[in-house]
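Structure record follows, encoded as structure tokens.
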There are 2 protein chains.
Amino acid sequence: MGVQERRAREKKELRQEILDAARDLFVREGFENVSMRKIAEKIEYSPTTIYLYFRDKSDLLDCIIEETFARLVRKQTLLEQTVADPVERLEKGLRSYVEFGLKHPNHYKVTFMMPEPPVTDPELCPRSREMGQKAFANLRNMLAECVEKKLLEIDDLEATAQAAWAMVHGLTSLMIAKPHYKWAERNHLIDTLLGTLMRGLTAKSPVAV
Amino acid sequence: MGVQERRAREKKELRQEILDAARDLFVREGFENVSMRKIAEKIEYSPTTIYLYFRDKSDLLDCIIEETFARLVRKQTLLEQTVADPVERLEKGLRSYVEFGLKHPNHYKVTFMMPEPPVTDPELCPRSREMGQKAFANLRNMLAECVEKKLLEIDDLEATAQAAWAMVHGLTSLMIAKPHYKWAERNHLIDTLLGTLMRGLTAKSPVAV
DNA sequence: ACACCCATGTTAACGCTGTTAAGTTTATGA
DNA sequence: TCATAAACTTAACAGCGTTAACATGGGTGT
């Protein structure tokens, strides 16, 4: 009897419907302007129904963010296979990180620009963080490969990876937070930052501090 | 008759009392966890009284942020007078920016990590932005002086200044947003980022892209 | 001296929020 | 056919920012 299976399928469908509605509102209006009631109205269910499928609002949004960030990870993994030169790959990886953030500002905002809430339940950590971590792990691997192949000389791999991440995050988050600021032309600005960053990594002579 | 003056003084005092209470809560609990009612309770007035002294919540918080950011600007201005070498001054200025942000995470969060609200009243723009702009202007001036004195070669001053700003902002904001992340030791991390940044600015040879 | 007025502050309320407890409907398996 | 469990809704709680309407007390003009 396929009854239970049909039920399970229907349940899954509604869950997906909620996700779709939430993502749509979320992308268009931004995290803090999307209420559970708005999502409920869009799918024509009562607000409390959502709680049958998601623990709470942040759980729901985490699920949305996860699937989007998985795309970034895939994109970067693809880069590993298509770009031979590790230095060029690193530069392209950093660039794709920025471009991804600018393409999905609301997702990026929630994942990297909001203070993480105090950990109440240590085991129920949001999934989206995992994907963010994975993206960073990719970046570090790219950097490590440059060092292995003697293309870069780096003292502290971990610290350098974190610094590089911070730099591309800085540009991404600032442009998201201040869209009305008189920025230099976008691609030129990205080039300038990546140029400085890559030169800073390749230059061997220490600078006076 | 000093009556009006006394009244004005009393009004000023209550205004200051509100600011003090709000700043205290704000620094300790963070922006989104401070409600007007909490502030009112702390000063033992009704919530609506606050609206006699401040347009709304964001106006109140802007006033607090402004006075804090003024300290950063003062600090950087002081640097201009005490550090002779422009390159060293630039590096110290960038460093003080990061340290300031980490010292006042809640202020920094509101000023640079939150999406700016849609401009409703174009003339009633928040004051705090002004101070943030001033801090950035300082940074650009430091950079410009390095170029003037032929200590740095830079193609596009504006884009480079924005990129440098983005880099230090990146580190500051990431460490604020993810305090529980397994960061490298704070000072070492700052050194690593500033080292890469300064090398990237001073290195003349272009890197392959 | 007395009435008025205005600054100051309060109470009550509106419409929103996330979330929970309790109640209702619906369909299924025995 | 009937109890049961799953699915969903209604009503409510406690909080939020903000506004309108009301109270009060003291300085001012006549």
Side-chain angles (χ1 to χ4, degrees), chain A residues 1-19 21-22 25-26 29-65 106 110 114-118 120-121 124 126, chain B residues 1-19 21-22 25-26 29-65 110 114-115 117-118 120-121 124 126:
Chain A
M1 53 196 76
V3 175
Q4 288 177 5
E5 286 141 30
R6 197 205 65 214
R7 296 266 240 159
R9 198 182 58 233
E10 281 176 2
K11 204 170 152 88
K12 223 174 185 177
E13 279 172 6
L14 180 49
R15 194 189 137 93
Q16 193 55 50
E17 211 174 321
I18 295 172
L19 278 172
L25 286 170
F26 178 53
E29 326 222 356
F31 173 74
E32 52 265 334
N33 301 316
V34 176
S35 71
M36 298 300 261
R37 285 171 171 84
K38 270 188 199 167
I39 298 168
E41 199 179 3
K42 193 175 169 80
I43 59 171
E44 295 180 295
Y45 279 79
S46 83
T48 51
T49 299
I50 301 175
Y51 288 88
L52 300 174
Y53 295 84
F54 299 92
R55 194 161 32 77
D56 54 19
K57 191 184 176 186
S58 78
D59 179 34
L60 167 59
L61 292 171
D62 267 332
C63 290
I64 296 171
I65 288 160
N106 285 305
V110 174
M114 295 220 171
E116 43 190 17
T120 51
D121 208 331
L124 268 145
Chain B
M1 47 195 77
V3 174
Q4 290 176 2
E5 286 141 31
R6 196 204 66 214
R7 296 266 240 161
R9 198 180 59 232
E10 280 174 1
K11 200 169 156 93
K12 225 174 186 175
E13 278 171 6
L14 180 49
R15 195 190 136 92
Q16 192 56 48
E17 212 174 319
I18 295 172
L19 278 173
L25 287 171
F26 178 54
E29 325 222 354
F31 172 75
E32 51 266 332
N33 302 317
V34 175
S35 70
M36 297 299 262
R37 286 171 170 85
K38 271 188 198 166
I39 299 169
E41 198 179 4
K42 193 174 167 80
I43 59 172
E44 296 181 292
Y45 279 79
S46 84
T48 50
T49 299
I50 301 174
Y51 288 88
L52 300 174
Y53 295 85
F54 300 92
R55 193 162 31 79
D56 55 19
K57 192 184 175 186
S58 77
D59 179 35
L60 167 57
L61 291 171
D62 267 333
C63 290
I64 295 171
I65 288 158
V110 173
M114 296 219 170
T120 51
D121 207 332
L124 269 145

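Chain A is the first sequence line, chain B the second, and so forth, proteins listed ahead of strands; every chain is numbered from 1. Below, each value reflects all heavy atoms present in this structure, side chains not excepted, and no hydrogens, waters or symmetry copies.
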If you measure from CZ on B:F31 to NZ on B:K57, what distance do you get to the nearest 0.5 Å? 4.5 Å

Out of curiosity, B:E32 CD to B:M114 CE, how far, rounded to the nearest 0.5 Å? 4.5 Å

Euclidean distance, atom [atom1] of residue [X] to atom [atom2] of [N] [Å, nearest integer]:
X	N	atom1	atom2	result
B:I18	C:dT8	CD1	C1'	12 Å
B:R15	C:dA7	CZ	P	18 Å
A:Y45	C:dT19	OH	P	21 Å
B:L52	C:dC6	CG	P	17 Å
A:K12	D:dA7	NZ	P	15 Å
A:F54	C:dG18	CZ	C1'	16 Å
A:E44	D:dC8	CD	C1'	15 Å
B:E13	C:dT8	CD	C1'	15 Å

Does some side-chain heavy atom of A:I18 sit less than 4.5 Å from a side-chain heavy atom of A:R15?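 Side chain of A:R15 against side chain of A:I18, heavy atoms only: no contact under 4.5 Å found.
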
Decide yes or no for B:I39 and B:L60: does some side-chain heavy atom of the first lie under 4.5 Å from some side-chain heavy atom of the second? yes

If you compare every side-chain N and O of A:T49 against the phosphate oxygens of D:dT9 (OP1, OP2), does one of them come in below 4.0 Å?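 Yes, within the criterion.
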
Side-chain N,O (B:Y53) to OP1/OP2 (C:dG9) below 4.0 Å: yes

Should we say atom CD of B:E41 is surrounded by more than 12 heavy atoms from elsewhere, each under 6.0 Å from it? no

Residue that, paired with A:F54, satisfies side chain to side chain contact (heavy atoms under 4.5 Å, CB included) out of A:D56, A:L52, A:I50: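 Single side chain to side chain contact (heavy atoms under 4.5 Å, CB included) partner of A:F54 among A:D56, A:L52, A:I50: A:I50.
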
Just the table, please: protein N/O against nucleotides 16-20 of chain D N/O, every pair under 3.5 Å.
residue: D:dC16; atom: OP1; partner: B:S35; partner atom: OG; Å: 2.7
residue: D:dG17; atom: OP1; partner: B:M36; partner atom: N; Å: 3.3
residue: D:dG17; atom: OP1; partner: B:K57; partner atom: NZ; Å: 3.1
residue: D:dG17; atom: OP2; partner: B:M36; partner atom: N; Å: 2.8
residue: D:dG17; atom: N7; partner: B:R37; partner atom: NH1; Å: 2.6
residue: D:dG17; atom: O6; partner: B:R37; partner atom: NH2; Å: 3.0
residue: D:dT18; atom: OP2; partner: B:Y51; partner atom: OH; Å: 2.9
residue: D:dT18; atom: OP2; partner: B:K57; partner atom: N; Å: 3.0
residue: D:dT18; atom: O5'; partner: B:Y51; partner atom: OH; Å: 3.4

